[in-house]
**Q** 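Below is the structure I would like to discuss, written out as structure tokens.
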Protein chains: 2
Amino acid sequence: MFVSTYESAIDAKGRVSIPAPFRAELGGSSRIFLWQALDGSGCLEGGGEALMAMYRATLTRLAPQSDVRKVLVNRIIAGSADLKMDETGRIKLPEDLCKAAELEGRIKFAGNMDSFQIWNPDKHAAYNASMEAAAASPDVMAAFGRAYSEVLHQQGAGHYNGPKLVEGGES
Amino acid sequence: MFVSTYESAIDAKGRVSIPAPFRAELGGSSRIFLWQALDGSGCLEGGGEALMAMYRATLTRLAPQSDVRKVLVNRIIAGSADLKMDETGRIKLPEDLCKAAELEGRIKFAGNMDSFQIWNPDKHAAYNASMEAAAASPDVMAAFGRAYSEVLHQQGAGHYNGPKLVEGGES
DNA sequence: TAGCTGCCCATGATATTCCAAATTTACACA
DNA sequence: TGTGTAAATTTGGAATATCATGGGCAGCTA
């Protein structure tokens with residue numbers, strides 16, 4: 001799983017070091033896919049061969065001529081850069097993606113579970129601030145608590161086994 | 001389960017010993033995740049691989065582009081530090097997290113069931129005081145009582161099956 | 001030929017590992 | 001109940017390995 005956030009720099013040749021923990025997550029493969037995030041946040045999203053295999057399987061399940069499939073194939077498959085890390089774990093970021101995500105100088109790699117994101121540091125800081133504000137919402141923690149207790153229930157972990165939280169059980 | 005509270009110190013290199021009882025709770029794994037608590041209390045929250053696996057399963061259940069999921073992924077996945085204990089059970093606390101939680105010199109580890117917390121001692125004392133005040137509220141014990149009896153019922157225990165409790169019979 | 005690309009090595013900074021001493025805790029015995 | 005011994009844990013510091021980064025060189029392309 002891609003976890004945590006790391007800062008890195010684009011050197012004079014346009015090269016970027018992939019953080020070592022993320023490299024380890026790629027399972028020895030040196031192939032990296034990069035595309036523009038679909039959520040409009042302006043960052044890039046990336047992953048390795050394992051992620052792309054998952055996406056392929058997912059897209060194959062969608063009806064061939066459906067809009068959903070066409071959109072996702074266009075954005076993720078056609079829109080991806082297919083890059084190869086060098087011996088020291090660096091890739092060369094394509095110009096068009098850099099431009100789209102306003103990447104220049106220093107950048108941030110943020111873990112996103114099965115994929116990772118590449119951010120302009122200023123944009124990332126702004127995004128973090130908006131997320132921090134949203135985290136204060138009771139709804140967010142309530143939704144998390146519900147989902148978490150469902151997972152516990154499913155796994156029979158011997159913790160809380162009930163279908164719902166009792167009033168007063170959440171803060 | 002992470003239980004009880006322990007005090008520890010940050011050494012000159014920013015290293016901290018994880019209390020031995022908490023290490024035992026990590027099940028032999030030396031990987032530790034740390035992030036800023038979502039409740040705004042200002043402490044750090046942490047756990048091992050088991051907890052992170054639970055969180056991953058939880059987040060995967062939430063709708064991919066929902067605000068709830070984005071907030072939690074940002075705070076817990078991207079926002080956590082991915083640390084490794086050394087042979088003697090120490091981790092190096094990242095500077096940014098120390099700063100965010102105002103950690104310096106001595107710190108407190110507090111058990112939180114599936115996770116643990118790391119506190120600035122002064123803040124922890126203030127938090128304890130506020131909890132003590134809130135514990136006086138009849139609503140708190142009432143809510144606990146309701147939840148507890150539901151659990152008893154769910155687990156097939158029906159109700160209390162042990163020796164009959166006499167009013168005032170416990171010391 | 002000029003520019004781009006991939007490949008390689010060098011280096012400083014950082015993080016990790018290892019070793020050893022000091023302190024605390026647990027336990028057995030008187 | 002107090003004391004001594006052993007074990008475990010917490011510390012401090014140094015050696016080692018890893019990583020991010022800069023630059024050189026050759027080959028390919030335009």
Side-chain angles (χ1 to χ4, degrees), chain A residues 2-34 46 48 80-99 103-111 116-121 124, chain B residues 2-34 46 48-49 80-99 103-111 116 118-119 121:
Chain A
F2 294 100
V3 184
S4 194
T5 297
Y6 302 92
E7 193 168 348
S8 187
I10 306 179
D11 71 12
K13 293 181 174 181
R15 297 177 300 186
V16 174
S17 281
I18 307 290
F22 285 9
R23 288 208 296 269
E25 198 61 35
L26 295 172
S29 163
S30 63
R31 205 169 171 196
I32 287 186
F33 301 95
L34 272 187
S80 269
D82 183 355
L83 308 172
K84 186 173 176 300
M85 280 194 302
D86 68 15
E87 311 301 312
T88 61
R90 285 183 289 197
I91 55 173
K92 179 167 188 331
L93 294 179
E95 296 246 347
D96 55 339
L97 288 181
C98 279
K99 202 170 171 186
L103 303 180
E104 191 183 4
R106 301 200 71 79
I107 64 174
K108 291 230 172 187
F109 284 84
F116 59 83
Q117 300 173 330
I118 300 182
W119 285 88
N120 170 311
H124 187 241
Chain B
F2 295 100
V3 183
S4 193
T5 297
Y6 302 91
E7 192 168 348
S8 187
I10 306 179
D11 71 12
K13 292 183 174 181
R15 294 181 301 189
V16 175
S17 280
I18 306 290
F22 285 10
R23 286 208 297 269
E25 198 60 35
L26 296 172
S29 163
S30 62
R31 204 168 173 197
I32 288 186
F33 299 94
L34 271 188
E49 290 187 289
S80 64
D82 182 355
L83 308 172
K84 189 172 176 300
M85 280 194 302
D86 67 16
E87 309 300 311
T88 61
R90 286 180 294 194
I91 55 173
K92 180 174 187 321
L93 294 178
E95 298 233 349
D96 54 338
L97 288 181
C98 280
K99 202 171 171 186
L103 302 180
E104 192 182 5
R106 301 200 71 79
I107 63 175
K108 290 228 171 188
F109 285 85
F116 59 83
I118 301 182
W119 284 89

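Here is the naming used below: chain letters follow the sequence lines, and residue numbers restart at 1 for every chain.
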**Q** Determine which pairs satisfy salt bridge (charged side-chain N to carboxylate O under 4.0 Å, His left out) with at least one residue from residues 7-24 of chain A, sequence neighbours left out, and list them in order.
**A**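 For residues 7-24 of chain A: A:E7-A:R106, A:D11-A:R15, A:D11-A:R90.
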**Q** Contact between B:V3 and B:P21 at the side-chain level, heavy atoms closer than 4.5 Å - yes or no?
**A**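 They are not in contact (no side-chain heavy atoms under 4.5 Å apart), so the answer is no.
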**Q** Pick base, sugar-phosphate or nothing for A:A12, based on heavy-atom distances below 4.0 Å to the nucleic acid.
**A**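 Here A:A12 touches no strand at all.
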**Q** Test of understanding: with side chain to side chain contact (heavy atoms under 4.5 Å, CB included), list the residues that count as partners of A:P94, not counting sequence neighbours.
**A**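 In terms of side chain to side chain contact (heavy atoms under 4.5 Å, CB included), with neighbours along the sequence ignored, A:P94 is linked to A:A81, A:L83, A:D96, A:L97.
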**Q** Find the bend of the helix from C:dT1-D:dA30 to C:dA30-D:dT1 as the angle between its two terminal axes (five pairs each), to the nearest 10°.
**A**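 Taking the rotation axis at each end, their angle is 30°.
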**Q** CG of A:L103 to CG of A:L93: how many Å apart, nearest 0.5 Å?
**A**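 If we round to the nearest 0.5 Å, A:L103:CG and A:L93:CG are 6.5 Å apart.
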**Q** List in numerical order all residues of residues 81-91 of chain A for which some heavy atom is under 4.0 Å away from an atom belonging to DNA chain C.
**A**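 Hits under 4.0 Å, by residue number: A:E87, A:T88, A:R90.
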**Q** Under the side chain to side chain contact (heavy atoms under 4.5 Å, CB included) rule, collect the residues that match up with B:S8, sequence neighbours excluded.
**A**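 B:S8 satisfies side chain to side chain contact (heavy atoms under 4.5 Å, CB included) with B:V16, B:S17, B:I107, B:F109 once adjacent residues are dropped.
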**Q** Pick base, sugar-phosphate or nothing for A:K13, based on heavy-atom distances below 4.0 Å to the nucleic acid.
**A**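 The answer is base, as A:K13 lies within the cut-off (heavy atoms under 4.0 Å) of a base atom.
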**Q** Of all residues at least two apart in sequence or in a different chain, which pass the side chain to side chain contact (heavy atoms under 4.5 Å, CB included) check with A:L26?
**A**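 By the side chain to side chain contact (heavy atoms under 4.5 Å, CB included) rule, A:L26 matches A:F2, A:I32, A:M85.
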**Q** On DNA chain C, which is the earliest and which the latest nucleotide, 5' to 3', with an atom closer than 4.0 Å to a heavy atom of chain A?
**A**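 Taking any atom under 4.0 Å from a heavy atom of chain A, the span is C:dT5 to C:dC9.
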**Q** Where is the tightest heavy-atom contact between B:F22 and B:G111, given as atom of each residue plus distance?
**A**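 In terms of heavy atoms, the two residues are closest at CZ-N, 3.6 Å.
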**Q** Do any of residues 15-24 of chain B sit with a heavy atom less than 4.0 Å from DNA chain D, and if so which?
**A**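 B:R15, B:S17, B:I18, B:P19, B:A20, B:R23 - these, ordered by number, are the residues of the stretch whose heavy atoms sit under 4.0 Å from the strand.
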**Q** How many angstroms lie between atom CD1 of A:I10 and atom NZ of A:K92, to the nearest 0.5 angstrom?
**A**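 If I round to the nearest 0.5 Å, the distance is 9.5 Å.
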**Q** Any side-chain to backbone donor/acceptor pair from B:S80 onto A:S4? Under 3.5 Å, distance only.
**A**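 Such a contact is absent between B:S80 side chain and A:S4 backbone.
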**Q** How close or far is atom P of D:dG12 from atom CD1 of B:I10, stated in whole angstroms?
**A**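 For the pair B:I10 CD1 and D:dG12 P, the rounded distance is 12 Å.
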**Q** Between the protein and nucleotides 26-29 of chain D, list the N/O to N/O atom pairs that are separated by less than 3.5 angstrom.
**A**
none

**Q** Among all residues two or more places apart in sequence or in another chain, which pass the side chain to side chain contact (heavy atoms under 4.5 Å, CB included) test with A:T5?
**A**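 Side chain to side chain contact (heavy atoms under 4.5 Å, CB included) list for A:T5, sorted by chain: A:K108, A:A110, A:H124, B:A78.
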**Q** What's the separation between atom CD1 in B:I91 and atom CD1 in B:I18, rounded to the nearest 0.5 Å?
**A**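 Answer for the CD1-CD1 pair, B:I91 versus B:I18, is 3.5 Å.
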**Q** Run the side chain to side chain donor-acceptor pair (under 3.5 Å) test against B:D82 and tell me which residues pass, sequence neighbours left out.
**A**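 Expected list: B:R31.
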